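Here's the structure we're looking at; comments come further down.
Computed from a prediction, not measured in an experiment: that's the story for all the values here. Because only heavy atoms are used, hydrogens play no part in the values below, and waters and symmetry mates are left out as well, while side chains stay in.
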Amino acid sequence: QVQLVESGGAFVQAGGSLRLSCLASGRTISIPAIGWYRQAPGAQRESVATISRAGNINYADSVKGRVTISRDNAKNTAYLQMNSLKPEDTAVYYCNYLTLTQTYWGQGTQVTVSS
């Protein structure tokens, strides 16, 4: 089975940037659908950005223009580049891989944006 590990979360000042990575290990993944989700304290988990198997990209309105999702299939890695970070971006960020038969989640990486 597939295991996902997020990294890149950190404490950053408002206006700063972070690049999150999601490394997949185990069974080789062939162009899965990918999503980045986040969950802030006291809030529900929400979608941040997704890439379909066909490569269609969708962003949440709250991050559109500030976030870029990408993937490197050869490296089994997904990325989330975040710029112009705001305090409301503070959350645990999770990556999600959707294959033909399974949905996989990482354990999350903490992003904290200070005022």
Q. Who are the salt bridge (charged side-chain N to carboxylate O under 4.0 Å, His left out) partners of Asp72, not counting sequence neighbours?
A.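 Asp72 satisfies salt bridge (charged side-chain N to carboxylate O under 4.0 Å, His left out) with no residue once adjacent residues are dropped.
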
Whichever hydrophobic residues join [X] through chains of side-chain contacts under 4.5 Å:
| X | answer |
| --- | --- |
| Tyr37 | Val92, Tyr94, Trp105 |
| Tyr79 | none |
| Leu23 | none |
| Phe11 | none |

Q: List for me each residue that meets side chain to side chain donor-acceptor pair (under 3.5 Å) alongside Ser70, sequence neighbours excluded, and say none if there are none.
A: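 Side chain to side chain donor-acceptor pair (under 3.5 Å) list for Ser70, sorted by chain: empty.
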
Q | Gln102: side chain to side chain donor-acceptor pair (under 3.5 Å) partners, not counting sequence neighbours | A |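 So Gln102 forms no side chain to side chain donor-acceptor pair (under 3.5 Å) with any residue.
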
Q | Pairs involving residues 88-104, ordered by first then second residue, that meet salt bridge (Lys or Arg N to Asp or Glu O under 4.0 Å) (sequence neighbours left out) | A |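 Those involving residues 88-104 are Arg38-Asp89, Arg66-Asp89.
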
Is the backbone of [Y] close enough, under 3.5 Å, to the side chain of [X] for a donor and an acceptor to pair up by distance?
| X | Y | result |
| --- | --- | --- |
| Asn96 | Tyr104 | yes |
| Gln39 | Ala91 | no |
| Thr103 | Leu98 | no |

Considering all heavy atoms of both residues, which atom of [X] and which atom of [Y] are nearest to each other, and what is their separation?
| X | Y | result |
| --- | --- | --- |
| Tyr59 | Thr68 | OH-CA, 3.3 Å |
| Thr109 | Gly8 | OG1-N, 4.1 Å |
| Leu4 | Ala24 | CD2-CB, 3.7 Å |
| Asn76 | Tyr97 | O-OH, 3.8 Å |

Q. Hey, does Leu100 have a side-chain heavy atom less than 4.5 Å from the side chain of Arg53?
A.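 With C-beta onward as the side chain, the pair touches.
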
Q.
Show me the pairs that pass disulfide (SG to SG under 2.5 Å) and involve residues 72-115, at least two apart or across chains.
A.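 Disulfide (SG to SG under 2.5 Å) check on residues 72-115 returns Cys22-Cys95.
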
**Q.** Pairs meeting criterion disulfide (SG to SG under 2.5 Å) with involvement of residues 42-89, two or more places apart
**A.**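 Sorted pair list comes back empty.
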
Could you list the donor-acceptor pairs under 3.5 angstrom formed between side-chain atoms of residues 12-21 and any protein atom two or more places apart in sequence or on another chain?
unit_1: Ser17; atom_1: OG; unit_2: Asn83; atom_2: OD1; d: 2.9

Q. Sequence neighbours excluded, which residues qualify as side-chain contact (heavy atoms from CB on, under 4.5 Å) partners of Asp61?
A.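 Asp61 satisfies side-chain contact (heavy atoms from CB on, under 4.5 Å) with Lys64 once adjacent residues are dropped.
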
Q.
To the closest 0.5 Å, what do you measure between CD1 (Ile34) and CD1 (Ile51)?
A.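 So the gap between those two atoms works out to 5.0 Å.
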
(Q) Working to the nearest 0.5 angstrom, can you tell me the gap between Ser25 OG and Gln1 CD? (A)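 Output value for this atom pair is 9.5 Å.
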
Q) Hey, quick one: are Trp36 and Ile57 part of the same hydrophobic cluster, counting side-chain heavy atoms closer than 4.5 Å, chains of contacts allowed? A)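 Yes, it is one cluster - the side chains of Trp36 and Ile57 are joined through contacts under 4.5 Å.
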
